[in-house]
Amino acid sequence: MPELPEVETVKRGLAPAMEGARVARLELRRRDLRFPFPDALVDRVSGRTIIGLGRRAKYLLVDLDDGNTLISHLGMSGSFRIEEGAVSETPGEFHHARTKDEKHDHVVFHLEGSGGPRRVVYNDPRRFGFMDMVRRADLAAHPFFRDLGPEPTGNDLGAAYLADRFRDKAQPLKSALLDQKNIAGLGNIYVCEALWRSHLSPIRAAGTLVTPGGKPKEKLGLLVASIRDVIADAIAAGGSSLRDHIQTDGSLGYFQHSFSVYDREGQACGTPGCGGTVARIVQAGRSTFYCAACQK
């Protein structure tokens with residue numbers, strides 16, 4: 001499943017092709033993805049101008065000039081492809097590479113703009129992604145968003161906020177961080193990485209980072225900083241690859257994130273002087289990678 005940095009990279013890659021463009025025609029090649037498309041979606045999008053692209057958690061937001069916002073979630077295998085003349089590129093850097101097999105092209109934005117006609121194609125082999133439409137003014141109240149916590153890079157995320165959320169919680173720390181009501185958009189990979197950076201065990205109780213009086217302990221402040229840093233580093237790496245790794249056929253080169261613990265079971269811990277080994281355990285049905293020697 002693409003995580004927040006991947007979706008942010010997709011947004012930044014699509015922006016030059018989509019922002020300011022007029023949707024001459026929206027083409028749906030099937031009736032549904034994970035869920036049915038909204039009623040009259042073709043008529044509601046065709047003819048509209050895209051005034052901006054945004055992101056909330058792992059959702060891509062396409063703002064139209066009539067006050068509506070198209071919501072897109074990539075699911076497990078979704079991607080967008082920009083086609084302009086003979087050039088094709090797929091914005092986004094994913095841990096698992098995306099396909100360009102045209103039989104999985106399900107949605108096509110036929111665009112007109114100052115740069116000439118182009119197509120933005122949504123491809124999704126597993127069809128686990130989905131799209132919806134909502135008035136921009138009603139976005140925060142939409143079922144996808146109304147219970148989401150603050151963004152991991154936003155000003156609302158701080159040690160005091162997490163102390164209030166984690167106080168007296170026996171829930172494992174990793175599970176608490178993956179709870180989208182606490183922090184929006186954090187996923188399995190970057191939670192593992194942030195916990196490693198802050199030397200915190202994924203299995204310790206979340207409440208152990210809070211004093212009896214409800215104040216954040218020093219380690220909680222370190223965790224917040226680690227979350228911000230690991231997300232920022234991943235976004236920066238994706239942006240760099242967009243600029244520097246466009247191949248001759250116009251496709252984006254695959255950027256291999258430099259993970260410190262994720263998917264590194266049995267390898268040496270990278271913490272200087274640690275000497276431990278990265279282990280894999282399963283929490284709530286998902287793989288957790290961590291070093292028991294230095295993450296306490």
Side-chain angles (χ1 to χ4, degrees), residues 1-10 12 55 57-58 74 76 92-97 149-154 157-159 161-162 165-166 171-180 182-206 208-209 216 218-241 254-296:
M1 185 83 69
E3 297 202 20
L4 185 154
E6 286 74 43
V7 180
E8 178 66 22
T9 303
V10 170
R12 295 184 183 189
R55 180 196 54 75
K58 302 174 187 180
L74 297 176
M76 300 196 64
E93 307 306 326
F94 302 98
H95 187 57
H96 300 287
E151 292 280 319
T153 56
L157 179 64
Y161 165 78
L162 284 184
R165 300 290 300 184
F166 290 174
Q171 183 182 25
L173 180 56
K174 185 194 173 194
S175 298
L177 292 172
L178 287 175
D179 186 341
Q180 300 297 292
N182 292 329
I183 306 174
L186 272 188
N188 195 44
I189 293 175
Y190 296 108
V191 167
C192 289
E193 293 294 300
L195 288 171
W196 177 81
R197 290 193 184 197
S198 51
H199 305 296
L200 291 170
S201 170
I203 61 178
R204 72 181 290 165
T208 61
L209 297 179
E218 183 178 354
K219 288 185 176 181
L220 189 53
L222 177 60
L223 175 59
V224 171
S226 296
I227 290 170
R228 292 183 183 278
D229 289 346
V230 77
I231 295 295
D233 288 349
I235 291 173
S240 175
S241 68
Y254 173 61
F255 175 80
Q256 177 61 57
H257 293 284
S258 299
F259 298 129
S260 297
V261 287
Y262 184 80
D263 206 21
R264 292 174 60 87
E265 180 183 9
Q267 298 184 39
C269 175
T271 300
C274 171
T277 301
V278 175
R280 173 187 174 273
I281 60 173
V282 177
Q283 293 180 285
R286 307 188 73 179
S287 293
T288 296
F289 299 90
Y290 79 113
C291 174
C294 67
Q295 291 180 243
K296 303 296 184 180

- Task: Of all the heavy-atom pairs spanning Ser287 and Asn188, show the shortest one and how long it is.
- Result: O-ND2, 2.9 Å
- Query: Would you call Lys58-Glu6 a salt bridge at under 4.0 Å N-O?
  - Reply: no
- Message: Quick check: closest heavy atoms across Asn182 and Ala176, and the distance to 0.1 Å?
- Response: ND2-O, 2.9 Å
- Message: Using side-chain heavy atoms (C-beta onward) and a distance below 4.5 Å, is Ile227 in contact with Thr153?
- Response: no
- Take Thr288 and Ile203 through the test side-chain contact (heavy atoms from CB on, under 4.5 Å) and record every step on the way to the result. CA-CA 10 Å; Thr288 296; Ile203 61 178; over 6 Å; no
- Taking all non-hydrogen atoms of both residues into account, name the closest pair between Pro216 and Ala159 and its distance. CB-O, 3.6 Å
- Query: Side chains of Leu157 and Arg228: does their closest heavy-atom pair fall under 4.5 Å?
  - Reply: yes
- Item | With sequence neighbours excluded, residues passing salt bridge (charged side-chain N to carboxylate O under 4.0 Å, His left out) with Asp229 | none
- What pair of heavy atoms forms the shortest contact from Glu3 to Tyr190, and how long is it? OE1-CD1, 2.9 Å
- Query: Are the charged groups of Asp179 and Lys174 less than 4.0 angstrom apart, N to O?
  - Reply: no
- Would you mind checking if Glu193 and Arg197 are paired as a salt bridge, meaning a charged N to carboxylate O distance below 4.0 Å? no
- Task: Can you sort out the partners of Arg264 under salt bridge (charged side-chain N to carboxylate O under 4.0 Å, His left out), two or more places apart, ordered by chain and number?
- Result: none
- Query: Hey, does Tyr290 have a side-chain heavy atom less than 4.5 Å from the side chain of Cys192?
  - Reply: no
- Note on the structure: Value for OG (Ser226) from CH2 (Trp196), rounded to nearest 0.5 Å, stands at 9.5 Å
- Any chance you could measure Leu200, atom CG, to Leu209, atom CG, to the nearest 0.5 Å? 5.5 Å
- Item | CA sep, side-chain torsions, deciding dist, call: Gln295, Leu195, side-chain contact (heavy atoms from CB on, under 4.5 Å) | CA-CA 8 Å; Gln295 291 180 243; Leu195 288 171; 3.8 Å; yes
